[in-house]
There are 2 protein chains.
Amino acid sequence: MPFTYEYPRPALTVDCVVFGFDEGDLKVLLIERDLKPFAGRWALPGGFVNLDETIDTAARRELAEETGLTEIYLEQLYTFGTVDRDPRERVVSVAYYALVKLEDHRPRAATDARKAAWFNVDDIPSLAFDHAEILDTALRRLKGKVRYEPIGFELLPEKFPLSQLQHLYEVCLEEPLDKRNFRKKILGMGLLTETDEVQQDVAHRAARLYRFDSRRYQQLKKRGFSFWL
Amino acid sequence: MPFTYEYPRPALTVDCVVFGFDEGDLKVLLIERDLKPFAGRWALPGGFVNLDETIDTAARRELAEETGLTEIYLEQLYTFGTVDRDPRERVVSVAYYALVKLEDHRPRAATDARKAAWFNVDDIPSLAFDHAEILDTALRRLKGKVRYEPIGFELLPEKFPLSQLQHLYEVCLEEPLDKRNFRKKILGMGLLTETDEVQQDVAHRAARLYRFDSRRYQQLKKRGFSFWL
DNA sequence: CACTCTTGGTGTAGACTGGACACCATGTCA
DNA sequence: TGACATGGTGTCCAGTCTACACCAAGAGTG
């Protein structure tokens with residue numbers, strides 16, 4: 001026990017809420033705890049912050065270690081620091097939320113030693129610690145932010161039909177959208193480029209696939225454009 | 001040095017960006033450091049988090065101790081955790097921003113042992129640590145949030161003329177607003193109640209004073225109303 | 001091979017909202 | 001009493017948002 005301090009210190013951790021979107025449902029990646037407090041319960045991926053890394057780095061490292069995810073959209077959410085949130089001792093946790101293209105990270109359940117699985121956001125098991133509260137905060141943030149920043153595209157594959165995008169927005173905003181108005185608005189922004197591909201293996205007329213042009217978004221943003229839906 | 005841990009831990013602090021509004025300018029409350037790193041430099045009020053208090057509580061306690069402010073609007077902003085932000089050792093800081101009615105806390109400079117003073121946000125001295133970055137983040141958050149939550153009222157006295165409110169918005173949004181359109185919109189929300197008082201001691205026609213009806217705002221919010229300016 | 005089923009893709013008209021704009025009123029001060 | 005400073009008010013136009021229905025394309029089935 002070589003590390004001594006003049007005053008007591010809380011432990012510092014990170015926790016990540018990883019969102020994915022698949023078959024019309026918003027999903028969250030959880031891992032099953034194998035260690036003692038709440039062993040066997042599902043929890044958000046996360047862990048302790050090392051002294052030689054920033055908090056952001058810690059979040060990315062823990063995500064890579066526990067879920068294999070790298071190079072994904074990651075943003076700080078909120079810091080949770082109530083006194084009794086961990087039964088062992090005082091632990092303060094900086095929460096992050098991440099958006100991943102679920103296509104690229106399909107089943108992956110038993111890849112690592114840890115058991116990881118995707119859960120539908122409105123069918124979440126009882127979680128360890130205050131992770132239910134963290135997840136709730138993340139969901140509210142996602143639902144708020146999706147309106148004024150084009151983060152929805154982080155959840156879709158590179159090429160996607162407009163109907164899938166619309167569906168994603170309907171889930172996030174919790175309201176149905178009119179197809180024609182949606183297409184008019186989203187295409188009117190000039191942020192989507194039409195590809196020459198269409199859906200494959202669908203039992204009906206195949207839809208054209210589009211791609212999000214983030215280069216163009218950066219340009220427009222500089223000129224005062226703001227995304228809005 | 002009685003506190004020992006198996007792994008090293010960063011120290012955990014809070015820092016508060018306190019905004020006030022006065023004579024048409026947005027101001028920030030700073031204190032002059034008397035202790036060693038950056039002694040004599042201006043800094044955000046803040047300090048270490050105790051083990052038996054939440055982070056929010058720590059922020060309120062530090063604000064009370066260092067500036068005498070209590071019962072004010074306070075909200076978590078962001079957690080700053082780059083490795084070298086404190087030259088002594090690894091320190092992670094949870095930043096908050098606060099909004100105060102400057103009327104109630106006028107000069108107050110030398111009330112406490114510490115020297116505290118209000119600075120105009122676009123005339124800030126060189127700050128200790130990464131406090132300039134924290135302040136910058138707080139400003140961006142305030143400017144963003146003022147549009148869709150009625151937090152502007154936290155900066156004004158209880159009773160205020162519409163011109164003052166408009167001026168506050170012009171400063172936050174960094175654009176001039178049309179007087180008639182502004183009045184139409186803000187009064188149309190039904191969140192302001194007219195008092196029977198007018199400005200005192202002004203060298204021109206006195207303006208009617210209004211009061212923000214937060215009770216009514218809570219009601220309307222439940223029914224799906226959303227503030228927008 | 002024709003019929004059905006499912007989703008893709010398109011335009012218009014009316015309601016509403018947001019922004020531009022100018023003048024008289026009221027009170028102080030010289 | 002006249003000049004000066006700010007308070008307080010309404011209309012019109014343009015752009016945006018919303019509601020709404022039909023044909024097209026392709027797969028699947030008998």
Side-chain angles (χ1 to χ4, degrees), chain A residues 21-25 146-148 156-157 159-171 173-211 220 223-229, chain B residues 21-25 146-148 156-157 159-211 220 224-229:
Chain A
F21 183 72
D22 187 35
E23 292 161 20
D25 289 316
V146 86
R147 282 186 171 277
Y148 61 90
L156 295 178
K159 298 166 189 172
F160 51 86
L162 288 187
S163 57
Q164 214 173 110
L165 183 63
Q166 179 179 342
H167 201 162
L168 169 58
Y169 275 95
E170 288 175 331
V171 170
L173 303 178
E174 295 176 293
E175 62 181 353
L177 299 173
D178 178 83
K179 185 170 49 160
R180 279 174 291 190
N181 294 338
F182 180 81
R183 296 171 75 91
K184 202 193 316 171
K185 194 156 170 184
I186 203 88
L187 290 175
M189 293 183 193
L191 295 175
L192 298 184
T193 40
E194 194 174 311
T195 70
D196 49 8
E197 294 170 59
V198 295
Q199 285 178 309
Q200 299 299 323
D201 306 315
V202 285
H204 53 77
R205 175 177 176 185
R208 165 134 282 130
L209 300 182
Y210 290 80
R211 181 202 311 272
L220 287 174
R223 298 177 201 166
F225 166 83
S226 58
F227 185 86
W228 186 257
L229 202 116
Chain B
F21 183 73
D22 187 37
E23 291 163 20
D25 288 316
V146 86
R147 281 184 172 278
Y148 62 90
L156 296 178
K159 298 168 189 173
F160 52 86
L162 288 186
S163 57
Q164 215 173 108
L165 183 63
Q166 178 179 345
H167 200 162
L168 169 57
Y169 274 95
E170 287 175 331
V171 169
C172 288
L173 303 178
E174 295 176 292
E175 61 182 354
L177 300 173
D178 178 83
K179 185 168 48 159
R180 279 173 292 188
N181 294 337
F182 180 80
R183 297 172 74 92
K184 203 194 318 172
K185 197 156 170 183
I186 203 87
L187 290 175
M189 293 184 193
L191 295 174
L192 298 184
T193 40
E194 194 174 311
T195 70
D196 50 6
E197 295 171 59
V198 294
Q199 285 178 310
Q200 299 298 325
D201 305 316
V202 285
H204 53 78
R205 175 178 174 183
R208 164 134 283 129
L209 300 182
Y210 289 80
R211 179 202 310 272
L220 287 174
F225 166 85
S226 58
F227 184 87
W228 185 257
L229 202 117

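Here is how names work: the chains are called A, B, and so on, in the same order as the sequence lines, proteins then strands, and each is numbered from 1.
What separates CH2 of A:W228 from P of C:dT17 is a distance of 16 Å, to the nearest Å. Rounded to a whole Å, the CG atom of B:L177 is 10 Å from the P atom of C:dA20. Between A:Q166 atom CD and C:dG9 atom C1' there is a gap of 12 Å when expressed in whole angstrom units. What separates CG of A:L209 from P of C:dG9 is a distance of 9 Å, to the nearest Å. Put simply, CZ on B:R208 is 18 Å from P on C:dA25, counting in whole angstrom units. Rounded to a whole Å, the CG atom of A:D178 is 12 Å from the C1' atom of C:dT10. If you measure from atom NZ of A:K179 to atom P of C:dG11, you get 13 Å, rounded to the nearest angstrom. Atom pair B:F160:CZ and D:dG7:C1' shows a separation of 16 Å (rounding to whole Å applied).
Of all heavy-atom pairs spanning A:F21 and A:V171, the tightest one is CE1-CG2, 4.2 Å. Scanning both residues, A:L209 and A:T195, for their nearest heavy atoms gives O-OG1, 2.8 Å.
Using a cut-off of 4.0 Å between Lys/Arg side-chain N and Asp/Glu carboxylate O, B:E175 and B:R147 are scored as salt-bridged.
The side chain of A:R180 has D:dC20 as its nearest neighbour among D:dC20, C:dC21, D:dG8.
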Listing time: all N or O pairs from protein to nucleotides 2-6 of chain C that are below 3.5 Å?
none

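Within residues 181-202 of chain B, the residues that place at least one heavy atom under 4.0 Å from DNA chain C are, in residue-number order, B:N181, B:K184, B:V202.
Taking 4.5 Å as the limit, every side-chain heavy atom of B:H167 sits out of range of all side-chain heavy atoms of B:Q164.
A:M189 contributes atom CE, which lies 5.0 Å from atom CG of A:L229 (distance to the nearest 0.5 angstrom). Rounding to the nearest 0.5 angstrom, the gap separating the CD atom in B:E170 from the CG atom in B:L173 is 9.0 Å.
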Residue pair A:Y210, A:L156: steps toward the side-chain contact (heavy atoms from CB on, under 4.5 Å) verdict: CA-CA 11 Å; A:Y210 290 80; A:L156 295 178; over 6 Å; no

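Residue B:S163 places at least one side-chain N or O under 4.0 Å from the OP1 or OP2 atom of D:dG7.
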